Amino acid sequence: MSWLRSTSLSFARQLSRSLDPRHDYEPHACYNSFCKHWQQAHDIILKSQPQHLHDDVLGVVNHLEQLTTLLVLEARAREINTSTSPAACLDYLLSENLLDKLYEWAVCTGKYENVVRLEQLKLFRNLITHYSTQVIAAEPLLRPLLKLLSGFRNELPPPNVETELVTVLNQLCVALMQNMNFIDLFFLTTHTQKGSQAEFIIVRLLLASVHREGSTGSTARDALLLCAKMSARCPELADFMLSGNTCPVLATGLSGLYSLLPRTLNDDIYRLTPDDVNQVHKLTLFIDSLEFCNAVAQVAHPSIKKHLLDLLYQGFLVPVMGPALLQTKRGALQSGANEQAAAMAYLELLLRCVTRWGLLKTVLHFLFVYEYDGVRVIDVLLRRLEGNSQLSMVSLALMETLIDLNCEDVMIDLVYKYLVNGQHLILNKHKITEPSQYRDAAVAFLSLSPKCCSRPMERTKQWCDELAISGRRVLDFNEERRINGVHDGLPMSNLAHETKVNYGNPNETLYGNYHAYICDSRFQIVTRLLACSNWTSKYDCILHKRETNNNTKETGDAQTLTKEQDSLISCTSGYETKTSDSSENQPHSLTSLNEQDEAKNEPVSEVLNEGKEHDSLTSLGESSGYESIKYKEGEDSEGFAEELFIKSVRKKEVTEYNGEPLARNWRASAESSVGPLVSSLLKKTSTLLESDLVTNCRVTSVLSKLSSLPTPLLTSMMLCPNVGLQPNVPSLFQTLSKLKEEVDELTEGLPNTEELVDKARVFLIQREMALVKTRSQSNDDTHGQNASPAQRPDDSPFKRMESKRRSFSNSLSNIFGRRLSSSSPSQNHAHSPQNTTHASPQKRPIFTQESYWNQSITLRSILNAVILDEWLKELAALCEEHALRLSAENYEDESYIESVAL
């Protein structure tokens, strides 16, 4: 081991990484070298003089590096061979109190103290990493370690020292998590004006670095999160963290980081994606801090969680985020819309980052309960759905995220409280759970396909082949982007409609595949069933409604619903908020966000008991019954499964239900009958032909998600044409019927309708394939290989990544949507609009063809007619699956439900 005597500092570090203990370790030689290096370092310490301090420090640091290398070599050898002799080097280090002697000398090194302390920290780090169970409670190590840590309490060390200090603290937390019996050793007694009190030195030091950027801040947050987790099992630690600055530091840090975010966003940003976060440094810091606060709230002691949530509510949401959402600019041409859109985008991103066990309840309480000047925040946000501006699109994205939460209280406030009294219906005894209504609705939706879209996909494929042979381009939008035979590596031969069960092949389009819509609807409905299984009601009936005066705004039944089910008020009972008069005196709880264990221990209401008796998830077994959808395999078949389905279903006349007519409120608007959310969505649907692609994708996505909820009260209103609605309430079917008439009238006299339809199909399929290809490349860069459906990432919606396409879409926006962002836990589809962005700006596909379709209202209408044709297939598939769910005793088998629940 003589090679260690004169080696340089950097060379010693390289050796510590490259030495193989199986070949380079000899216990006796290692011990002798260790003793000799310490003796030489000790001699320098004893003879150290101020005038030669620089050389003395350099010599001691050099020998400390050799000591660390030998200790690591010995530890690695013992890990490989457990029968090795005792750790002689470690025993010598502890028995001779080397660490104490080193500390006493370090405090006398003046301006070189930080250099020596850095080496001390490295030595402690390696000791704790490799010998934690042997040394963490040993007094020869613990005493100098606590002295060293205490020296950092009231000073800000240099960055390199701080990084090493945080690493040591992190290793200590890991060791204490493995054996919490040693946690008392790190409580130090401090004397203040209030007297003596115990201080947990690790938390005290970590708080100074928890908001640092880079690896130092990340390591500090990981360590503090371990401390928060230990507090749940250690009351003393919980009391210290509660009485100290832990919660204020976290809450004020989040508020400070939010104030640094950009005030406005680019006009084409409607939903922030992981790439957007990575490209904006301040936004990355804010999300890191937000996710950390959310994690602390999940694992910390209940008292710490409550204190942290109170501070975040009163110190961040109410005074910081609330005014940002409601801000306006005074001026003739400035309304503050851009700033409001940015604030709403941050709020939507926040909702995707938090979890129901963390900050979600607090954020929902803020949105649905807190009032500014007597108006709730959610009511202000709902008003912004009108129009086609960026603010409206961001509002739509926010509502989509709220729906994806599958929270009963949220859906009550947005939808069900308007529908439960049947004010939107003409008759009050509709059988909204009758399966035949949904089967008839499926046929009705498929019959609304525009005439111009009846051209078979085989003809479109032949048209593309003819263009490829002739060398002509499909669209004259740019000479460098040609869609002939092969475009950007995408073979156009895959445009042919094919019915295949495997929808994971990124080289095959799912355009026009009705069976794909069926499979996806099945997945969506089962996913929602699982997510809504703990709801207090199935919302499958209409409450009896007394006749009321037309001028009455609220009925007794609506008030009863508010009392029984709108339960956001008390999700955080400690908040002092201004609430409406109808909810102040009522006990509430966030029922749909409660944990399973809590739900079992709480008394169950009569409504819950009644709902559970008929819950479709109580009996699981047989399959969903897809044998009812048969496919014709003859040569003359065009392969349109929806046409075969229509032929197999016998159309029935619309039946009238006998019942007492409900009192009609002729003055009531559609918004008061069905709510501002549904009313705004239906209005946007009526302008589908004139709207741009992104807007239509977003609107159809939200409506499809609402239609996939397993609540007949909502789905019957959305999907069933037979349900009699009040004259002031627009029907989705009626709206789509008018759109079909407009398209047919517009295209009736066009000489080149078929060619335009083919161009629109090619454009949409090319867009779909480009997004799938981009997503596949992004996943390859991130994961190296495609993840199977069973390999789901964590519960954070913001981080979800999945490369496999379950079907053509879970909504129309999944294929034709432009931007990427991870979907909610209930959605794992690869081409959701939020999932179509790219890992870097260079990978972002630029769809220059969109300008072609915006040249005239005719071209845009043709493109939107093709989108409408696809959406009708999706709505019909949802109707089919709802019919099966309501008619089958056992809707799904256990194996499928387990695979969905993964």
Side-chain angles (χ1 to χ4, degrees), residues 255 257-284 286-287 290 316-354 363 366-368 370 372 375-404 414 676-677 680-681 683-684 687 691-699 701-702 797-798 813 817-822 833-834 836-837 844:
S255 299
L257 291 171
Y258 184 86
S259 65
L260 299 176
L261 296 178
R263 295 290 301 275
T264 59
L265 302 174
N266 294 336
D267 293 338
D268 62 339
I269 293 181
Y270 309 126
R271 195 173 200 174
L272 291 168
T273 70
D275 291 330
D276 296 327
V277 174
N278 294 333
Q279 292 168 16
V280 181
H281 180 61
K282 298 300 182 183
L283 188 55
T284 302
F286 173 74
I287 293 301
L290 175 67
F316 169 60
L317 292 175
V318 173
V320 178
M321 177 157 278
L325 290 169
L326 306 177
Q327 63 186 315
T328 56
K329 280 187 175 182
R330 299 294 182 183
L333 299 177
Q334 292 180 324
S335 62
N338 293 335
E339 290 79 4
Q340 293 170 0
M344 290 186 67
Y346 297 144
L347 173 62
E348 191 274 337
L349 178 62
L350 183 149
L351 283 170
R352 281 186 284 140
C353 291
V354 299
V363 179
F366 165 71
L367 286 177
F368 288 88
Y370 193 83
Y372 291 90
V375 180
R376 296 185 309 161
V377 177
I378 190 63
D379 294 332
V380 176
L381 304 184
L382 284 169
R383 294 172 188 169
R384 297 175 179 174
L385 288 171
E386 300 296 333
N388 293 318
S389 63
Q390 182 189 25
L391 184 61
S392 174
M393 292 298 297
V394 175
S395 302
L396 260 180
L398 176 62
M399 296 305 145
E400 185 176 14
T401 300
L402 288 173
I403 294 170
D404 287 337
L414 294 178
L677 176 60
S680 297
L681 291 173
K683 288 180 182 178
K684 288 182 177 294
T687 61
S691 301
D692 61 86
L693 177 63
V694 177
T695 301
N696 288 337
C697 289
R698 185 66 67 192
V699 172
S701 174
V702 178
F798 183 63
S813 58
R818 175 167 190 164
R819 302 193 56 79
L820 169 117
S821 114
S822 303
Q834 59 265 37
T836 53
T837 267
R844 188 182 297 272

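What you are looking at is a predicted structure, and each value in this text was computed from that prediction instead of being measured. One-based numbering along the sequence shown. No hydrogens, no waters, no symmetry mates; every other heavy atom, side chains included, goes into these values.
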With distance as the sole test, does [X] use its side chain to make a donor-acceptor pair with the main-chain N or O of [Y] at under 3.5 Å?
| X | Y | result |
| --- | --- | --- |
| Gln390 | Asn266 | yes |
| Tyr270 | Ala345 | no |
| Ser680 | Glu386 | no |
| Ser701 | Cys697 | no |
| Gln279 | Asp276 | no |
| Ser392 | Leu385 | yes |
| Arg384 | Val394 | no |

Report the distance from atom CD of Gln340 to atom CG of Leu347, rounding to the nearest 0.5 Å. 13.0 Å

Do [X] and [Y] come close enough that some side-chain heavy atom pair is under 4.5 Å?
| X | Y | value |
| --- | --- | --- |
| Lys282 | Leu257 | no |
| Val277 | Leu349 | yes |
| Leu381 | Leu398 | yes |
| Leu414 | Phe368 | yes |
| Met321 | Val363 | no |
| Ser691 | Lys684 | no |
| Ile287 | Cys353 | yes |
| Leu283 | Leu272 | yes |

Which of these passes side-chain contact (heavy atoms from CB on, under 4.5 Å) with Asn338: Thr264, Leu391, Leu265? Thr264

Per side-chain contact (heavy atoms from CB on, under 4.5 Å), Leu325 is matched among Val380, Val377, Leu317 by Val377

Can you name the nearest heavy-atom pair linking [X] to [Y], along with the distance?
| X | Y | answer |
| --- | --- | --- |
| Glu348 | Ala397 | CG-O, 3.8 Å |
| Arg271 | Arg698 | NH1-NH1, 3.2 Å |
| Pro323 | Tyr372 | CD-OH, 3.8 Å |
| Thr695 | Met393 | OG1-SD, 3.5 Å |
| Ala343 | Ala324 | CB-O, 3.4 Å |

Classify the ring geometry between Phe316 and Phe286 as parallel (under 30°), tilted (30 to 60°) or perpendicular (over 60°). tilted

Under the side chain to side chain contact (heavy atoms under 4.5 Å, CB included) rule, what do Met399 and Ile378 come out as? Steps first, then yes or no, please. CA-CA 10 Å; Met399 296 305 145; Ile378 190 63; 4.0 Å; yes

Determine, step by step, whether Leu326 and Val375 satisfy the side chain to side chain contact (heavy atoms under 4.5 Å, CB included) criterion, reporting the C-alpha distance in whole Å, the side-chain angles of both residues, the deciding distance to 0.1 Å, and the verdict. CA-CA 11 Å; Leu326 306 177; Val375 180; over 6 Å; no

